[in-house]
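To start, the structure under review is shown below, and the notes come after it.
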Amino acid sequence: MKTQGQVLVINCGSSSVKFAIIIAETGTTIAEGIAERLFSSAAVFKPALGQHNEQKRQLQGNAAHSEAMQAIVQFIREQGLGDKLVAVGHRVVHGGEAFAESVRIDEAVLAAIAAHSHLAPLHNPANLKGIEAAMEAFPELPHIAVFDTAFHQSMPEQAFLYALPYELYSQHGIRRYGFHGSSHRYVSAEAAKILGKPLEDCNVISVHLGNGCSLCAVKNGKSVDTSMGLTPLEGLVMGTRCGDLDPSLSLHLEQQLGYSAQQVNDLYNKDSGLLGLSGISNDCRSLEKAAGEGNRRAQLALEIFCYRLAKYIAGYMVATHPLDALVLTGGIGENSTYIRETLLGLLLPLGYEVDPAANSQYRFGAAGSISTKDSRKVLVIPTNEEWVIAADAARLAQG
Ligand code: ADP
């Protein structure tokens, strides 16, 4: 299969558009940038060539996705990069049950992405805007959609069904879908290479800890369980999201405390997690600093973060037995020696032990094992979702 060429990768959020030009074979980034604070007077475009030369270009006030895309196209043309592109790869958050893998975008695919907007109201409409603007800008190129949910379509019913009346699933699609699929797929494939085993013989627990956090039980190379659910709110404690709760709490907040449905939604998604617990920040680095200075609520936030995660990992050892490795990724997983040491301390009864020297060594982009030789294996592997998107796009563009 030919995966050659340079691919424009687009990741379109509700108020930002990120882009990268990636060499599909190697994952090398040639250019990247972000147009952010769209729909405000501070709208700005920051492109960069490789890791260097970041520029700042003001966008017109209230610039929308289409203006952001025009700025991206102009930058690409100025740099003479447009002619070398073989495809445009788009990150799409929700593909529901319609997409178990990446797909070349046509009218039917656009309609299917729109049809899943009710499951990801903040993301899918923004993703569609990005696709439409990019198709207008690059009509001659194939456009490929890569879904966050696709990797988890291999989950069995016992993992994806909620214990609700079955009709809610069969008639309304209410089930666990899972997200961060490109990241879990990438790091589990990288883990197989490090372990020296074919991916289809590998059982790993992939843990993505960024602003959003999720873990995935990967058995024989396929997702068999994951912690995010119908939406990316379920599961672990995250930067601003609460993760698992008693579902009755929503009713309590509305009926006893007078919250509106929108306020409940904002509370769970924007004001909770590390930020809500600490009252300081959603950023792990800031909390580690405050905890080190003796701030009790920062310490508590990090303790709860690690405890919830350890319990999930213990549970996922059931789904992945016999486990080859625990894999840590995302900004926190790749860098935080503190979280990794605390986590593995909690997992000591299950046979995990951190190697302090290796824990200090494997940070800032370095991949390797941070467990002792007698411990169950723990790997740190930097994720690369853009490369997954670029490689899929280049491969499907040939078809
Ligand atoms: P996103 O989900 O937005 O892509 P990232 O994967 O970049 O986020 O992860 C962001 C998180 O990683 C933040 O909580 C940040 O504090 C944390 N992080 C980044 N570098 C470090 C570090 N050196 N030590 C501890 N935490 C870090």
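Note that ligands are numbered from 1 as they come in the structure, with each ligand's atoms numbered from 1 the same way.
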Which of parallel (below 30°), tilted (30 to 60°) and perpendicular (above 60°) describes Tyr177 and His94? perpendicular

protein heavy-atom neighbour closest to atom 27 (C) of ligand 1 works out as Arg285 CG, 3.6 Å

So which of Cys213, Gly331, Cys284 gets nearest to atom 13 (C) of ligand 1, if we judge by its closest heavy atom? Cys284

Show which atoms of ligand 1 fall inside a sub-4.0 Å distance from at least one heavy-atom site of Glu288. 25 (C)

Is the closest protein non-hydrogen atom to atom 23 (N) of ligand 1 under 4.0 Å? yes

Taking the inter-plane angle between the rings of His118 and His116 on a 0 to 90° scale, is it parallel (under 30°), tilted (30 to 60°) or perpendicular (over 60°)? parallel

Side chains of Arg363 and Gln361, donor plus acceptor under 3.5 Å: no

Of the listed options Leu274, Asn211, Thr383, Leu287, closest to atom 2 (O) of ligand 1 (non-hydrogen atoms): Asn211

Donor-acceptor pair between Thr329 and Glu334 side chains, under 3.5 angstrom: yes

Under 6.0 Å between the ring centres of Phe138 and His143? no

Does ligand 1 have an atom that lies less than 4.0 angstrom from a heavy atom of Arg363? yes

Using a strict cut-off of less than 4.0 Å between a Lys/Arg side-chain nitrogen and an Asp/Glu carboxylate oxygen, indicate whether Arg175 and Glu97 qualify as a salt bridge. yes

Among Thr329, Asp283, Asn335, the residue with a heavy atom nearest to atom 20 (N) of ligand 1 is Asn335

Starting from atom 11 (C) of ligand 1, which protein heavy atom do you reach first, and at what distance in Å? Ile332 CG1, 3.8 Å

